[in-house]
Enquirer: 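Provided herewith is a single structure, encoded as structure tokens, for subsequent inquiry.
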Amino acid sequence: MFTGALHLWPESSKVSLSVETDPLRLDAEGDLTQLLPAQRFDHSEPQDGCAGFWAWARARGGLDEDRTRMQLTVTNSGSSTVLITGMRAEVVSRSTASSVVETQCRTQGEATVYSVDIDLDKPRPYGVYDKGGKSLRPDFTVAAGDLETFLVTARISHGAARWKLAVDLVEDGHKRTIVVGDGGEKPFTTVTRPAAVTTWELDPHGGGWHRTPGGGTSAGRSGGTS
């Protein structure tokens, strides 16, 4: 099951895109980390430990810290090869980071898909991938009746950005762009980690939340999920 929505555009197109953002469902590495609005961190625990962390955090307004990572799957159900000519972030808005706490649950995985990187700090954040030590714009093909999977990572080092992923295609000789958001039409939100932020780490074995040393100044315990 994908947590992102499935997009098909236009009606005559045979190309569909799906997005998965839950790290435990990705072929990707790294710990689970989300920034939560300080007032919405209620010290409740996600069901099933780390397995339920992503849904728990998103239900409380969780935001991606420093980078947004997703698995993008492009499926071509037509009879002709489709050429992917570019990927980019369409930034909806930029802002400064608000009062947040950092929440973590440690896990590991292994990346096994094509990697595309996007720098959200740039005015025009185009996606690039590494080929022989060179950063190139995507130039992938998806054969008829086949699919291709990409690990897209969008990074930010200043403020916060709300954005959507645009994928440029050539299908049956026509240029098209498909735009995908976070679980539907909602933009992705990527936030720079504040210099001083309280960090809470979840014990995946049911030991509750523990504040980590050096995690910044305390934001206090806030009840409720409003």
Enquirer: Quick check: does any side chain N or O of D121 sit under 3.5 Å from a backbone N or O of S157, one acting as donor and the other as acceptor?
Expert: yes
Enquirer: Whether the side chain of R193 engages the backbone of E102 through a donor-acceptor N/O pair (distance < 3.5 Å, no angle test) should be reported.
Expert: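 The answer is no, because no donor-acceptor pair under 3.5 Å joins these two groups.
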Enquirer: I'd like to know if K164 pairs up with E185 as an ion pair, taking the criterion as any Lys NZ or Arg NE/NH1/NH2 lying under 4.0 Å from an Asp or Glu carboxylate oxygen.
Expert: yes
Enquirer: Using a distance-only test with no angle check, is there a side-chain donor-acceptor pair under 3.5 angstrom linking W200 and T212?
Expert: no
Enquirer: Quick one: are the ring centres of F140 and Y129 less than 6.0 Å apart?
Expert: yes
Enquirer: Salt bridge or not for D182 and R58, using N-O below 4.0 Å?
Expert: yes
Enquirer: More than 12 non-hydrogen atoms from neighbouring residues, nucleotides or ligands closer than 6.0 Å to NE2 on H210, yes or no?
Expert: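 More than 12 within 6.0 Å, yes.
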Enquirer: Verify, without hydrogens or angle tests, whether N76 (side chain) and D146 (backbone) share a donor-acceptor contact under 3.5 angstrom.
Expert: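 Side chain of N76 to backbone of D146: no pair is present.
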Enquirer: Using modelled atom types and a 3.5 Å cut-off, is there a donor and acceptor pairing between side-chain atoms of R40 and backbone atoms of L36?
Expert: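 Side chain of R40 to backbone of L36: no pair is present.
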Enquirer: So do R69 and T21 actually touch side chain to side chain, heavy atoms under 4.5 Å?
Expert: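 Of all side-chain heavy-atom pairs linking R69 with T21, none is under 4.5 Å.
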Enquirer: Does any part of the side chain of E171, heavy atoms only, come nearer than 4.5 Å to the side chain of K14, both counted from C-beta?
Expert: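 Side-chain contact under 4.5 Å: yes.
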Enquirer: Is the closest side-chain heavy-atom distance between P125 and V91 below 4.5 Å?
Expert: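 P125 vs V91: side chains touch.
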Enquirer: Is it true that the NZ or CZ of R137 lies under 6.0 Å from the centre of Y126's six-membered ring and within 45 degrees of the ring axis?
Expert: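 Satisfied, under 6.0 Å and within 45°.
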Enquirer: Identify the residue among V92, T68, L63, L120 that makes a side chain to side chain contact (heavy atoms under 4.5 Å, CB included) with F188.
Expert: T68
Enquirer: Between the side chains of D64 and T190, is a donor N or O closer than 3.5 angstrom to an acceptor N or O?
Expert: no
Enquirer: OG1/T103 to CG/L35 distance, rounded to the nearest 0.5 angstrom?
Expert: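 One finds 7.5 Å between OG1 of T103 and CG of L35.
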Enquirer: Please verify the inter-ring angle class for W209 with F53; under 30° counts as parallel, over 60° as perpendicular, anything in between as tilted.
Expert: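 If you compare the ring of W209 with that of F53, the planes turn out tilted.
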Enquirer: Between R67 and E65, does any side-chain N to carboxylate O distance fall below 4.0 Å?
Expert: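 Here R67 does not pair with E65 in a salt bridge, since their nearest N and O are not under 4.0 Å apart.
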Enquirer: Do NZ/NE/NH1/NH2 and the carboxylate oxygens of R155 and D119 come within less than 4.0 Å?
Expert: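 No.
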Enquirer: Are side-chain heavy atoms of V179 and E90 found at a separation under 4.5 Å?
Expert: yes
